[in-house]
Structures are given as structure tokens and as C-alpha cells.
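As the structure is a prediction and not an experimental result, all values here were calculated from the model. For the numbers below, each heavy atom of this structure counts, side chains included, while hydrogens, waters and symmetry mates do not.
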Amino acid sequence: MDFKHSDRALDWHARVRRFLDEQVIPREHEYFAQVREDSTRQPPVMEAMKAAARDAGLWNMFLPGGHEGENGGAGLTNLDYAPLAEMMGAHLWSSEVFNCNAPDTGNMEVLHMYGDAAQQDRWLKPLMAGQIRSAFLMTEPEVASSDATNIQTRIERDGDHYVINGRKWWSTNMAHPNVAMTIVMGKTDFDAASHAQQSQVIVPVDTPGFRVERMLTVFGYDERPIGHAEVVLENVRVPVENLIAGEGRGFEIAQGRLGPGRIHHCMRVIGAAERALELMVMRLLNRTAFKKQLAEHSVWEQRVADARTNIEMCRLLVLKAAWMMDQAGAKNARSEIAQIKVAAPRMALQIIDDAIQAFGGAGVSGDTPLAELYATVRTLRIADGPDEVHNRTIARLEYAKHGGRPVR
């Protein structure tokens, strides 16, 4: 395995680092001030930063190799993109500046891989231009959605339309003022084989019968202007042309979508852990308790050392998973992707928790980013599959090496 970045990739890394340092991080307070002033609108400073990033050619950098020049795509490998995502992860909201934010990235990948020309013209192009936002509606409140075969939303053919009935939740982006379309996963055939029942269909948010029932909070944060919603679809009618790829391919599409998305999350989590460690160390070096710097107390030496060691181990696992995706595809990197999806959030949570401890009361307040970082990273142990599902995949792949049942 060779994790060395090319000169071209290193140039991209330097450009993103410089842009973040000069044009994004200094405006963090302005961004959050505008969010607090009116969380129902897109903060004007975000649109200004997005325009600057696009002018600088730092746009849609998540697009894989082969997409150079497509609306700014860098054409980087997964391995080369990893450090860029890590930089954005230190300030989780900054991904939107570069049009590299979930769930839009996953939806763009779906439309790239599975959408037809009309769907790409109508929805992919404005998504790639950053003109609209989108949501992915998969999880449901009434079933264990960690098993996608449980999904109960119905997508039924009626002449030239599909009629959709169901209830979804944790639908990210539904509070965003620019959200225009969703991709909904449901069942078109309840009698087919378990992994051939599901389909995915494009549903614009202004379709009659589509409504936001309520906004959800994450440990008390409503996370606007992004937001997560419970959505009801009641006799929602969309043209058959809105079906993606064909009936029965929903599970296949979901697997294709979630593989890259999971590793992007893990890349960003490494950045979040680095930021938490930096904040912790600065606090330890600038606070005194019992007539000594906090840093001089041995318990903190242990915690800081563990943090550095664990970040480095997880970063190497992220890079290995990215390298394997580049070399053999996401399907052949299933174990590594699952491993890092479990390991990275757990690692980051411990470091963030230790940083909160170093800050004391300030750590659980809004005066530092630590409490919100904790809430966000803790959610990732559930989002895109809970730890238990990924551990199940890892274990079964191990069993298969020794004659156990092959993993689907």
C-alpha cells in the first residue's frame, strides 16, 4: 500500500488549507451570528464564501477521478480527497462552502451513477452548481431502519405516476431554505426477493402531499439552517420518469451511495478529533490548578498521548480504506469501510469528551465548539448504519474467510 500523495494532490491540499485559513475560519463567528439572527434563511456569508470557493476552483472536490473540470471537480482519488475532507471536518459546517456537504454529495453521486439524462439536467446540474440543496429519505420511525429491508414506505404505480405513502425521519437538510428535492427510498414490490423490493424515486419538496411534520433536535441542537425532519408523504404523486434506474434497484443504489458517504464522514471525523485535541492542549497549557499547569498533571499526559496515538491509527485506517476503494472498488473494501465507520467516531468521541473535561463548565456550554462536536459525532455512531450493523459485516466477512456463509 502506498499512501504517498502526488504533487498534484499536495497542491490541492495547500490551496484548500490556504482558503480555509484566509476566507472561511475567520468568518466562523459571522456565520453563526447570522444563523442565530434568522435560522430560517441561508446566511448571506455562506453564499459569499461559496462564490469565492467556486471562483477559486475549489468546488465539488469530492467527485472521483475522471470528473476533472465538471463543475469544478478536482478528479482526485479517494486517497487524495481524504486530507481535504479532514480539513473541513475541523469546522463541520465548512463543507458546504465547497459544495462537499452531505447529503448532497451522496445524492449527486446517485444521480451521476444511476440517473438518466433528464434527471441529471433537472436536478444534478443545479445541485452541482450549489443552487439548490437536497435530502435523502430512507430512515423510518416505525421500523428498525438499520435493516433496510424493513422499510414500509409504499411506492405504487398508477398509470404514468407513482403514488407514495409513508413516513420518514432524520431527513437532513429539510430546514434548509434552498432544499428543493429529495430522493425517497420505498418498496415497489412487497412480494419480491427481500433485496429487490426497494426502489428510489425523486420527489420535489413542493409536491402535494409532501409535508414536514416536525423538526428534530440532536442533544437539544436543532442544527439549522440544515436541520433534520420527520416527513410525511401522503398520496404523493410523481411522474414515472422520477424513478431512478428502475424498480427493484433501491437497495443496490443505497449501497452504492452509502459506501463513499461513510468514508467521507470518517475523513471529516479525523479533522474533528484533531480540533478537539488542539483545543484540549491549548487549555491545558493555559490553565492552572493546584499550583501547576493542567498539562503538568500526569493524567492529562496520558489522555493527550492516547489521543495522538488513536488519531494516527484511525487516520491510517481511513487511508487504507480509501486506497482500497481506489484500487478495487467500495464492494471489495467493505470490511475496511465498516471498520473505520465504527472506529473513527468512537475515537473522536473519547477525545472530545476529554477536551470537555479539560474545559470544565465551558466545555458543555456554547462558548466552545466541543458540545456541538460531541453531539454531531455521537450521531455518526447511528447515522449511515449503527456500530452493530458494521460490526456484523466485519464479523461475517471474517467468518467467510474460514468457510462461513458468504456475505451479501
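- A distance-only check finds no donor-acceptor pair linking the side chain of Gln200 to the backbone of Ile183 [under 3.5 Å].
- Geometric assessment of Arg154 against the ring of Phe190 yields a positive cation-pi assignment under the 6.0 Å and 45° thresholds.
- Counting heavy atoms from C-beta outward, Ile351 and Ile311 have side chains that approach closer than 4.5 Å.
- Side-chain contact of Thr188 with Ser199: a donor-acceptor pair under 3.5 Å is present, judged by distance alone.
- A salt bridge is defined here as a Lys NZ or Arg NE, NH1 or NH2 lying under 4.0 Å from an Asp or Glu carboxylate O, and Arg36 with Glu30 fails to meet this definition.
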Next on the checklist: As a quick check of understanding, evaluate salt bridge (charged side-chain N to carboxylate O under 4.0 Å, His left out) for Arg262 and Asp384, giving each step before the final call.
Outcome noted: CA-CA 7 Å; Arg262 285 168 178 152; Asp384 284 0; 5.2 Å; no
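- For the pair Thr217 (side chain) and Phe219 (backbone), a donor-acceptor distance under 3.5 Å is absent.
- Counted within 6.0 Å of CE on Met113, heavy atoms from surrounding residues, nucleotides or ligands total more than 12; the atom is thus considered enclosed.
- If you look at Phe19 and Phe98, their ring centroids are closer than 6.0 Å.
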Next on the checklist: Using side-chain hydrogen bond (donor to acceptor under 3.5 Å, both in side chains), reason through Glu247 and Tyr162 one step at a time and then give a plain yes or no.
Outcome noted: CA-CA 11 Å; Glu247 290 190 9; Tyr162 283 103; 2.6 Å; yes
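- The backbone N or O of Asp80 lies less than 3.5 Å from a partner atom in the side chain of Thr77, making a donor-acceptor pair.
- Note that CZ of Arg392 and CG of Asp387 are 14.5 Å apart. Values are rounded to the nearest 0.5 Å.
- No hydrogens or angles considered: a donor-acceptor pair under 3.5 Å links the side chains of Gln350 and Asp354.
- Between Met174 and Thr182 the shortest side-chain heavy-atom distance falls below 4.5 Å.
- Formation of a donor-acceptor pair under 3.5 Å by the Gln198 side chain with backbone atoms of Arg249 is not found in this model.
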Please list every donor-acceptor pair under 3.5 Å in which a side-chain atom of residues 301-308 meets a protein atom from a residue at least two apart or in another chain.
from: Gln302; atom 1: NE2; to: Asp306; atom 2: OD1; distance (Å): 3.3
from: Gln302; atom 1: NE2; to: Asp306; atom 2: OD2; distance (Å): 3.4
from: Arg308; atom 1: NH1; to: Glu274; atom 2: OE2; distance (Å): 3.0
from: Arg308; atom 1: NH1; to: Glu312; atom 2: OE2; distance (Å): 2.8
from: Arg308; atom 1: NH2; to: Glu274; atom 2: OE1; distance (Å): 3.0

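- Between Thr376 and Val218, every side-chain heavy-atom pair lies at or beyond the 4.5 Å cut-off.
- Within the 3.5 Å criterion, the main-chain N or O of Met128 finds a donor-acceptor partner in the side chain of Asn99.
- In terms of heavy atoms, Leu380 sits closest to Pro345 at CB-CG, 4.2 Å.
- For CZ of Phe3, the number of neighbouring non-hydrogen atoms (other residues, nucleotides, ligands) closer than 6.0 Å is greater than 12.
- Around CZ of Arg157, the count of heavy atoms belonging to other residues, nucleotides or ligands within 6.0 Å exceeds 12.
- Using modelled atom types, no side-chain atom of Ser39 and backbone atom of Val35 make a donor-acceptor pair closer than 3.5 Å.
- Arg378 meets the side-chain hydrogen bond (donor to acceptor under 3.5 Å, both in side chains) test with no other residue; sequence neighbours excluded.
- To the nearest 0.5 Å, the span separating CD on Glu142 from NZ on Lys168 amounts to 11.0 Å.
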Next on the checklist: Apply salt bridge (charged side-chain N to carboxylate O under 4.0 Å, His left out) to residues Glu213 and Arg211 and explain how you reach the verdict.
Outcome noted: CA-CA 6 Å; Glu213 184 86 345; Arg211 75 174 189 274; 3.2 Å; yes
Item to check | Derivation and outcome, side-chain contact (heavy atoms from CB on, under 4.5 Å), residues Leu79 and Asp2 | outcome: CA-CA 10 Å; Leu79 181 63; Asp2 183 2; over 6 Å; no
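- In this structure, Trp93 has its ring center closer than 6.0 angstrom to the ring center of Tyr31.
- The minimum heavy-atom distance between Ile394 and Ala338, with the atom names listed, is CG1-CB, 3.6 Å.
- Salt bridge absent: Glu398 and Arg396 never bring a charged side-chain N and a carboxylate O closer than 4.0 Å.
- When side chains are defined from C-beta on, Met87 counts as touching His13, because their heavy atoms get closer than 4.5 Å.
- Side-chain N/O atoms of Glu96 and Gln42 include a donor and acceptor closer than 3.5 Å.
- With no hydrogens or angles considered, a side-chain donor-acceptor pair links Arg268 and His265 at under 3.5 Å.
- The main-chain N or O of Glu241 is found under 3.5 Å from a side-chain atom of Gln119 such that the two form a donor-acceptor pair.
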Checklist entry - Step by step, would you call Thr153 with Arg167 a side-chain contact (heavy atoms from CB on, under 4.5 Å)? => result CA-CA 7 Å; Thr153 294; Arg167 182 181 293 267; over 6 Å; no
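- Proximity of Phe62 to Leu76: side-chain heavy atoms (C-beta onward) are nowhere separated by under 4.5 Å.
- Closest of all the heavy-atom pairs between Arg133 and Leu127 is C-CD2, 4.1 Å.
- Looking at Thr393, Leu397, Ile340 one by one, the single match for side chain to side chain contact (heavy atoms under 4.5 Å, CB included) with Ser335 turns out to be Leu397.
- Listed for the Asp104 side chain is a donor-acceptor partner under 3.5 Å among the backbone atoms of Ser134.
- Side chain of Thr379 to backbone of Ala375: a donor-acceptor contact under 3.5 angstrom is found.
- Note that the CG atom of Leu349 and the CD1 atom of Ile356 stand 9.0 Å from one another [nearest 0.5 Å].
- Lys341 places no side-chain N or O within donor-acceptor distance of the main-chain N or O of Cys266, the cut-off being under 3.5 Å.
- Under the rule for a salt bridge (charged side-chain N to carboxylate O under 4.0 Å, His left out), the partners of Asp222 that lie at least two apart in sequence or sit in another chain are Arg224.
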